[in-house]
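Each remark here refers to the structure printed beneath this line.
Heavy atoms only: backbone and side chains are in, while hydrogens, waters and symmetry mates are out. Both ligands and their constituent atoms are indexed starting at 1 by order of listing.
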Amino acid sequence: MIKVITYGTYDLIHKGHIRLLERAKALGDYLIVGVTADSFDRERGKINVQQPLIERIEAVRATGLADEIIVEEYEGQKIDDIKRLDVDIFTVGSDWEGHFDYLKEFCKVVYLERTQGISSSEIRAEKRDM
Ligand code: C2G
């Protein structure tokens with residue numbers, strides 16, 4: 001069984017996120033999605049997140065694409081998760097190209113093309129203008 005892992009905030013879930021999860025799932029047999037804890041997002045400079053962790057987890061669950069959902073709470077957790085969960089493939093969007101190459105020591109790393117023209121920031125801006 002090929003195990004795939006991917007991570008993200010998944011704020012105001014949109015087509016770009018869903019396309020990413022669909023392609024991540026298609027890379028293997030079992031998809032683990034790491035949803036970032038509110039505190040971890042703040043720590044990494046994401047201060048505009050609209051939905052609390054529980055709502056973002058629920059939105060990922062509702063896609064029906066994740067076989068397992070975990071919470072990402074600290075820098076360096078990816079290595080621990082990959083080892084602990086016996087992951088074969090780590091994947092993330094191409095906006096992160098090169099950034100996670102250090103994980104190649106532990107599993108295969110695949111960057112999937114980011115969907116153009118949609119982002120949580122744009123959705124947040126549209127909501128503000130309404
Ligand atoms: N994504 C995409 N197309 C978009 C927007 C996002 O393919 N238009 C992808 C991102 O590349 C990422 C996933 O959807 O793989 C989740 O995106 P975010 O919620 O913005 O999460 P991010 O900040 O990219 O967190 O540890 C966290 C991870 O490193 C990624």
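- Follow the hydrophobic side-chain contacts under 4.5 Å out from Trp96 and you reach Leu103 in the same cluster.
- Thr9 and Lys46 share a side-chain donor-acceptor pair at under 3.5 Å.
- Between Ile118 and ligand 1, at least one pair of N/O atoms sits closer than 3.5 Å.
- Counting atoms of ligand 1 from 1 in the listed order, those under 4.0 Å from a heavy atom of Phe100 are 29 (O).
- Of all heavy-atom pairs spanning Ala24 and Thr6, the tightest one is CB-CG2, 4.5 Å.
- Aromatic rings from Phe90 and Phe100 are positioned such that their centres are separated by under 6.0 Å.
- With hydrogens and angles ignored, the 3.5 Å screen pairs no side-chain donor or acceptor of Arg114 with any backbone N or O of Ser94.
- Inclusion of Glu113 in the set of residues having an N or O under 3.5 Å from an N or O of ligand 1 is not warranted.
- Nearest protein heavy-atom neighbour of atom 12 (C) of ligand 1: Gly93 N, 4.0 Å.
- Close N/O approach between Thr115 and ligand 1 is found [any backbone or side-chain N/O within under 3.5 Å].
- Here the heavy atom of the protein found nearest to atom 20 (O) of ligand 1 is Lys46 NZ, 3.2 Å.
- The shortest N/O to N/O separation between Ser119 and ligand 1 does not fall below 3.5 Å.
- Taking only nitrogen or oxygen atoms, main chain and side chain alike, Glu72 reaches within less than 3.5 Å of ligand 1.
- Looking from atom 21 (O) of ligand 1 to the surrounding protein, the closest heavy atom is Thr9 N, 3.2 Å.
- At the shortest separation from atom 5 (C) of ligand 1 among protein heavy atoms lies Arg114 NH1, 3.2 Å.
- Of the inter-residue distances, the one linking Gln77 atom CD with Ile82 atom CD1 reads 10.5 Å to the nearest 0.5 angstrom.
- In this structure, Arg19 has no heavy atom closer than 4.0 Å to ligand 1.
- Ranking the protein heavy atoms by distance from atom 9 (C) of ligand 1 puts Leu20 CG, 3.7 Å first.
- Residue contacts with ligand 1 for Arg44 involve side-chain atoms from C-beta outward but no N, CA, C or O (heavy atoms, distance under 4.0 Å).
- Other residues, nucleotides and ligands place more than 12 heavy atoms under 6.0 Å from the CD atom of Glu97.
- At least one heavy atom of Lys78 sits closer than 4.0 Å to an atom of ligand 1.
- Between atom NZ of residue Lys3 and atom CG of residue Leu27 there is a gap of 15.5 Å, rounded to the nearest 0.5 Å.
- Residue Thr36 has no nitrogen or oxygen atom sitting less than 3.5 Å from a nitrogen or oxygen atom of ligand 1, judged on distance alone.
- Judged by distance alone, the side chains of Tyr111 and Asp95 never bring a donor and an acceptor atom under 3.5 Å apart.
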Evaluate Lys83 against Asp80 for salt bridge (charged side-chain N to carboxylate O under 4.0 Å, His left out), listing each step before the verdict. CA-CA 5 Å; Lys83 287 186 186 162; Asp80 293 344; 5.5 Å; no
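- Taking a 4.0 Å cut-off on heavy atoms, His14 registers as neighbouring ligand 1.
- The nearest heavy-atom contact from the protein to atom 19 (O) of ligand 1 is Tyr10 N, 2.8 Å.
- The shortest contact between atom 24 (O) of ligand 1 and any protein heavy atom is with Trp96 NE1, 2.8 Å.
- Each of the following atoms of ligand 1 lies closer than 4.0 Å to a heavy atom of Val92: 15 (O).
- Residues Arg19 and Thr115 bring a donor and an acceptor atom of their side chains to less than 3.5 Å of each other.
- With hydrogens left out, the protein atom closest to atom 10 (C) of ligand 1 is Asp95 OD1, 3.8 Å, a heavy atom.
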Derivation of the side-chain contact (heavy atoms from CB on, under 4.5 Å) call for Ile79 and Tyr102: CA-CA 9 Å; Ile79 294 177; Tyr102 69 92; 4.0 Å; yes
